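Below is one structure; the comments refer to it alone.
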Amino acid sequence: MSLHASSSLFLFLVTVACLAAGGMAVSSVTVATALHEFRGCAVREFSFVAQKPGCRGLKITTEACWGRCHTWEKVVASVINKGGRGVRLPGCRADVSPLYHYPVALHCHCSACSTRDTECETF
Amino acid sequence: MSPCVTSHLCFLVLPVMTVVLFLSPIGWTLDGPALGCHLYPFNVTIRSDRRGTCRGTHLVHACVGYCESSAFPSRYSVLAASNFTHNITSTSRCCTISKEAKVRGRGGEREREREREREREREREGWGEGETYVFMCMFASLQVKVRLDCPRGRHHDDIEILTATACRCDMCRKSHD
């Protein structure tokens, strides 16, 4: 599992959802910024191998969140809005469902990690 | 002042009854601190009571900055262990205090010598010069004695507060709120 860490000199596109002042309209803005200077949390491409017992693994590329948060204790990059996708894993036993669902990050922000739906890890 | 900064100071000050704490940040820019995790200076004013009968000011440091984190689909083992409720895993590092040393407000030479001896003992135990790794924030920062000035020659005991001397992006810890 790894976030695609391209060179820090590369530019990467950050899709930022900006709420209008009245909070009624939502617009998307694409901002180009140097990766090594980036602050905040943004949607970023992410690849992992989806696997479960009884099936073969399948490499999936999706959107996750990555960033640098202004941290003190618990503020981390979090998925603020997510969708879901499903795939069929290959080589599953007859008694195992091949369906595999995973979340897709639509918007990200820096916030406290919620243990309600998130496994909060630190290293 | 951001809540983040405020919580820093709450964490740095020893719980002392009847002491009121006032902060004023120094050197904050419109863009916020630079990337990474850095010392952030504050002037801390301590009052003996709400009226400020005795008061003293000292410069202390907190750790403030930006550290990397990410959130991505959880591994199957995480899904299974959480009864399929934690479908996102967030990994993070937090800006935290990493190094301690002793600093005295207006302490005496005898006290400073005792402190130097304690540091020599720590070195003999293998901690390295003046360095203690963080287990709890209260042990990771240094103690500062703040002398309170009182009117009409009255005396008040020095108040010990904590300050940081080095920072780094490291393991996130639960706040004490």
Side-chain angles (χ1 to χ4, degrees), chain A residues 1-3 5 36-53 55 57 60 62-80 82 84-85 89 100-105 108-123, chain B residues 2-12 28 31-38 40 62-97 137 164 167-177:
Chain A
M1 236 185 252
S2 65
L3 285 167
H36 69 280
E37 294 176 351
F38 179 71
R39 296 182 214 178
C41 183
V43 174
R44 191 174 175 189
E45 190 176 276
F46 176 75
S47 293
F48 70 106
V49 176
Q51 52 191 351
K52 64 180 182 181
C55 298
I60 291 174
T62 183
E63 284 78 45
C65 295
W66 176 88
R68 294 187 185 92
C69 296
H70 191 216
T71 60
W72 162 230
E73 287 299 314
K74 299 181 289 189
V75 180
V76 299
S78 302
V79 178
I80 189 173
K82 66 183 177 185
R85 284 187 199 142
L89 299 184
Y100 188 96
H101 293 276
Y102 59 94
V104 179
C108 304
H109 69 162
C110 292
S111 68
C113 188
S114 168
T115 56
R116 191 167 52 86
D117 63 353
T118 304
E119 185 77 8
C120 301
E121 296 179 350
T122 182
F123 55 94
Chain B
S2 72
C4 169
V5 169
T6 305
S7 65
H8 261 77
L9 263 294
C10 293
F11 213 60
L12 286 172
W28 196 263
D31 295 332
L35 285 178
C37 178
H38 306 284
Y40 179 73
C63 291
V64 177
Y66 290 86
C67 300
E68 275 194 32
S69 59
S70 57
F72 47 82
S74 296
R75 298 182 304 272
Y76 187 82
S77 58
V78 171
L79 287 170
S82 66
N83 201 23
F84 293 87
T85 58
H86 291 181
N87 61 351
I88 296 170
T89 295
S90 171
T91 64
S92 56
R93 304 181 85 189
C94 289
C95 183
T96 190
I97 297 167
C137 187
C167 307
R168 67 179 171 196
C169 290
D170 200 353
M171 185 177 289
C172 300
R173 295 169 184 81
K174 292 182 83 172
S175 64
H176 293 193
D177 52 10

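Chain identifiers are assigned alphabetically (A, B, ...) following the order of the sequence lines, protein sequences preceding nucleic acid strands; residue numbering begins at 1 within each chain. Being a predicted model, the structure only gives us computed values, none of them experimental.
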>> Give me the atom names and distance for the closest heavy-atom approach of Ile88(B) to Pro103(A).
In response: CG1-CG, 3.9 Å

> What orientation do Tyr100(A) and Tyr76(B) show, parallel under 30°, tilted 30 to 60°, or perpendicular over 60°?
Replying inline: tilted

> Is the shortest heavy-atom distance from the side chain of Glu119(A) to the side chain of Leu79(B) under 4.5 Å?
Replying inline: no

> What distance separates Cys37(B) SG from His70(A) NE2, expressed to the nearest 0.5 Å?
Replying inline: 9.0 Å

> Among Cys113(A), Cys110(A), Cys41(A), Cys69(A), whose side-chain contact (heavy atoms from CB on, under 4.5 Å) with Ser69(B) holds?
Replying inline: Cys69(A)

> Can you tell me how far the CD atom of Glu121(A) sits from the CE atom of Met171(B), to the nearest 0.5 Å?
Replying inline: 11.0 Å

>> Nearest 0.5 Å, please: how far is CG in Asp117(A) from CZ in Phe84(B)?
In response: 15.5 Å

> Which one of Pro53(A), Gly84(A), Ala50(A) has the most heavy-atom pairs closer than 4.5 Å to chain B?
Replying inline: Pro53(A)

>> Tyr102(A): which residues meet the ring pair (Phe, Tyr, Trp, His ring centres under 6.0 Å) condition with it, sequence neighbours left out?
In response: Phe48(A)

> What pair of heavy atoms forms the shortest contact from His86(B) to Thr115(A), and how long is it?
Replying inline: NE2-O, 2.7 Å

> So, for Asp170(B) and Thr122(A), which heavy atoms are closest and what is the spacing to 0.1 Å?
Replying inline: O-OG1, 4.3 Å

> Sub-3.5 Å donor-acceptor pair from the side chain of Ser90(B) to the main-chain atoms of Cys120(A), do we have one?
Replying inline: no

